[in-house]
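The structure appears right after this line, and notes come after that.
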There are 2 protein chains.
Amino acid sequence: MDFDKPPPEPLASAPGFLLSWHGRRTAHAFAENLRQLGLKPPHFGVLRLIAAQPGSTQQELVERSMIDPSSMVAVIDELEELGLAERHAHEGDRRKHAIELTPEGERTLKGAQTIANQTAETVLGPLNARERKDLLILLRKLAGLQ
Amino acid sequence: MDFDKPPPEPLASAPGFLLSWHGRRTAHAFAENLRQLGLKPPHFGVLRLIAAQPGSTQQELVERSMIDPSSMVAVIDELEELGLAERHAHEGDRRKHAIELTPEGERTLKGAQTIANQTAETVLGPLNARERKDLLILLRKLAGLQ
DNA sequence: TATTGTTATACTCTATAACTATA
DNA sequence: TATAGTTATAGAGTATAACAATA
């Protein structure tokens, strides 16, 4: 898709379409920038969740990520193949895995976070600080938060 | 996906993620509501464009819709199967088609527009009129419009 | 019986390239 | 040679159901 041009009218006047367009554009830009690390957005999201709570089970990661269980298996498989995370034995329940970051996983997470910040900076470029703050507040309210 | 609950933190604090989430949620809600007419969002978008400029060629619809040429073929095929639009001969260039709405296409478009309005009303529910206006202005500016 | 993780599968959406008929 | 439309295909992303191991 071509996100260099703004969407044509009358689409650009429909809030619903604009939300959808921005969502796709933002996700696309982020995915594009993350590729230099060999990661996709779900990898980044899960790396962050593991870092926030090392030793989480896959179920717990599913609950905090909006990624379904079978996709989570694939994401963690890939993180293991990349040497960024590991499934460890879970104390007390042999069905569960305790997911941990490797040292390289922690380093990669920092790099990905930098890329995420740069992407946000680029995407939000047309807005000044005040407008960005307003937008975040509106989007959070729209999502039913606060 | 489950859009009933707001996205979990820390995702809900990242503007990029929120944009992406709202986009998917909005598109999902619209698609869900449109299904009662047997339509998908691209059908609605193209119906609107045909109504705005009857006799458009497929190329022209592609340019105004962000739908690529091969997908446009499929969309118009389906609109024809549904009896909502027709390919007519284009005067002066036999490669081109002049796309027209049928009377039923015009009726269905009105119904779809109503559904679009209801969906927007539901999605934007948490915001008051002032906030909706502000959001639209911010989203348009963010898209590089105006 | 219920839960955790896994596998296999199917489905939607989109993108790409090659083809035809016309210009 | 270039353009309009078409076809076939492949890829990404996601969803679903069935399964094994363990509780």
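- C:dT3 atom C1' lies 13 Å from atom CD of A:E60, rounded to whole Å.
- Rounded to an integer number of Å, the gap from B:M72 CE to C:dA15 P is 13 Å.
- Across all strands, B:T57 comes closer than 4.0 Å only to sugar-phosphate atoms, never to a base (heavy-atom distances).
- Other residues, nucleotides and ligands contribute at most 12 non-hydrogen atoms within 6.0 Å of the CD atom of B:E91.
- Checked against the 6.0 Å centroid threshold, A:F30 and B:F17 do not count as a close aromatic pair.
- Of all heavy-atom pairs between B:V123 and B:P126, the closest is O-CD, 3.5 Å.
- A:S70 contributes no side-chain N or O that forms a donor-acceptor pair with the base of D:dT14 under 3.5 Å.
- Contacts of B:H90 with the nucleic acid, taken as non-hydrogen atoms under 4.0 Å apart, are absent.
- For C:dT22, the base has no donor-acceptor partner in the side chain of B:R94 [N/O atoms by modelled type, under 3.5 angstrom].
- For the OP1/OP2 pair of C:dA23 and a distance below 4.0 Å, the side-chain nitrogens and oxygens of B:K96 include no atom meeting the criterion.
- Taking atom CD1 of residue B:I99 and atom C1' of nucleotide D:dT6, one finds them 13 Å apart after rounding to whole Å.
- Of all non-hydrogen atoms in B:Q58 and B:V73, the two that sit nearest each other are NE2-CG2, 3.8 Å.
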